[in-house]
Number of protein chains: 2
Amino acid sequence: MNTTVTIDLQRASQLLKLLGDPTRLTMMKLLKSHECCVCEFVEIFKMSQPAISQHLRKLRDIELVKEERRGQWIFFSINEHHEDYPFIKSILEHLPDQNESIAELEAQGLRVCCQ
Amino acid sequence: MNTTVTIDLQRASQLLKLLGDPTRLTMMKLLKSHECCVCEFVEIFKMSQPAISQHLRKLRDIELVKEERRGQWIFFSINEHHEDYPFIKSILEHLPDQNESIAELEAQGLRVCCQ
DNA sequence: TCAGTATATAACCATATGCTTATATACGCA
DNA sequence: TGCGTATATAAGCATATGGTTATATACTGA
């Protein structure tokens with residue numbers, strides 16, 4: 001049974017705009033199946049740390065992701081309790097898995113959550 | 001049976017970026033159930049004609065919409081044969097109907113396709 | 001306490017975006 | 001043909017966006 005939840009149009013465009021950035025879209029897809037911390041994203045995307053941080057701030061500000069500090073590291077995870085999560089999920093489901101990125105990180109010994 | 005088609009991530013973010021503008025998102029939702037011409041959108045959105053034209057150009061350039069000239073008027077409709085239409089449709093389905101906009105236009109005698 | 005590492009924030013910059021006014025182009029009709 | 005209407009395009013502008021370098025803040029361990 002597929003019941004699609006209705007979203008306010010302004011809200012939808014706001015969410016779509018956020019996901020319209022390839023980096024943020026990929027982040028969300030990765031976070032759908034894994035937790036990741038900033039330094040892992042820095043490696044995965046080959047981007048500067050502040051750039052990654054800015055992207056994550058946007059996702060966190062709207063509460064699409066949650067953060068949890070573990071010592072030096074801050075782990076991000078997707079907020080499945082978010083009111084608009086079903087909408088986000090329906091979008092992410094169309095995307096190819098990004099698990100190779102994580103696997104590669106592990107192969108290089110750069111995966112943080114294993115520490 | 002709900003089979004979601006997989007889209008290239010770059011492609012998806014491009015599409016999401018387009019729909020991340022409230023005007024274009026609303027246009028797509030309207031076009032899902034009606035044809036509309038430029039002057040109707042000008043009335044519906046209370047926007048300048050060139051602004052409307054620019055938005056439509058972006059949708060047409062990527063072939064999400066088709067156009068058809070009928071005399072002085074150019075009518076736009078959604079391109080249901082577009083490769084990515086199922087993805088677009090899955091997004092639009094979450095939005096509230098925008099039929100009141102059209103109904104209001106008709107009440108004001110500004111609906112063009114009735115001419 | 002201090003040095004090293006992780007991350008957020010500040011400030012800046014180049015480019016993109018969505019709007020405007022002006023003008024070009026297309027159509028209909030007398 | 002010329003005028004009126006519809007629409008596309010050009011040019012310009014203010015603001016937004018996504019990146020950078022620099023610095024501030026937080027944590028860890030010796």
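Numbers restart at 1 for each chain; the letters A, B, ... are given by sequence-line order, proteins then strands. Basis for what follows: all heavy atoms, side chains included, without hydrogens, waters or symmetry-related copies.
Applying the 4.0 Å criterion to OP1 and OP2 of D/dG18, one finds that A/Arg24 has a side-chain N or O inside that range. OP1 or OP2 of C/dT9 sits under 4.0 Å from a side-chain N or O of A/Arg60. For B/His55, no side-chain nitrogen or oxygen approaches OP1 or OP2 of C/dT17 to under 4.0 Å.
If you measure from atom CZ of A/Arg57 to atom C1' of C/dT9, you get 9 Å, rounded to the nearest angstrom. When rounded to the nearest whole Å, the span between CZ of A/Phe45 and C1' of D/dG19 equals 15 Å. Put simply, NZ on B/Lys58 is 11 Å from P on C/dA16, counting in whole angstrom units. In this structure, the CD atom of B/Glu43 is 11 Å from the P atom of D/dT7, given to the nearest Å. Taking atom NZ on A/Lys46 and atom P on D/dT20, their separation rounds to 14 Å, with Å as the unit. Summarising the geometry, the separation between CG on B/Leu59 and C1' on D/dA8 is reported as 15 Å, rounded to the nearest angstrom. Rounded to an integer number of Å, the gap from CD of A/Gln54 to C1' of C/dA11 is 11 Å. Rounding to whole angstrom units, CD of residue A/Glu67 and P of D/dA26 are separated by 13 Å.
Distances were taken from every side-chain heavy atom of B/Ala51 (C-beta onward) to each of C/dG18, C/dC19, C/dA16; the shortest belongs to C/dC19. Of the candidate nucleotides C/dA16, C/dT7, D/dT9, C/dT7 has the atom nearest to the side chain of A/Gln49. When distances run from any side-chain atom of A/Thr23 to the nucleotides C/dT21, D/dG19, D/dT9, the shortest one goes to D/dG19. Listed nucleotides: D/dT7, D/dT21, C/dT20. Nearest to the side chain of B/Ser53: D/dT7. Distance from the side chain of A/Pro50 is smallest to C/dA10 among C/dT20, D/dT7, C/dA10. The side chain of A/Ile74 lies closest to C/dA8 when the candidates are C/dT20, C/dC19, C/dA8. Listed nucleotides D/dA16, C/dA8, C/dT21 differ in distance to A/Lys17; the shortest reach to its side chain belongs to D/dA16.
The pair A/Arg69-A/Glu67 fails the salt-bridge criterion, with no side-chain N (NZ, NE, NH1 or NH2) lying under 4.0 Å from an Asp/Glu carboxylate O. Note on B/Glu104 versus B/Arg111: no salt bridge recorded, every NZ/NE/NH1/NH2 to OD/OE distance being 4.0 Å or above. Here B/Asp21 does not pair with A/Lys17 in a salt bridge; the nearest charged N to carboxylate O distance is not below 4.0 Å.
At least one donor-acceptor pair closer than 3.5 Å links the side chain of B/Asn79 to the backbone N or O of B/Glu63.
A donor-acceptor contact under 3.5 Å is not formed by the side chain of A/Gln72 with the base of D/dT28.
With the nearest nucleotide of DNA chain D identified for both A/Gly20 and A/Gly71, A/Gly20 has the one nearer the 5' end.
Across all non-hydrogen atoms, the minimal contact from B/Pro22 to A/Leu9 is O-CD2, 3.8 Å.
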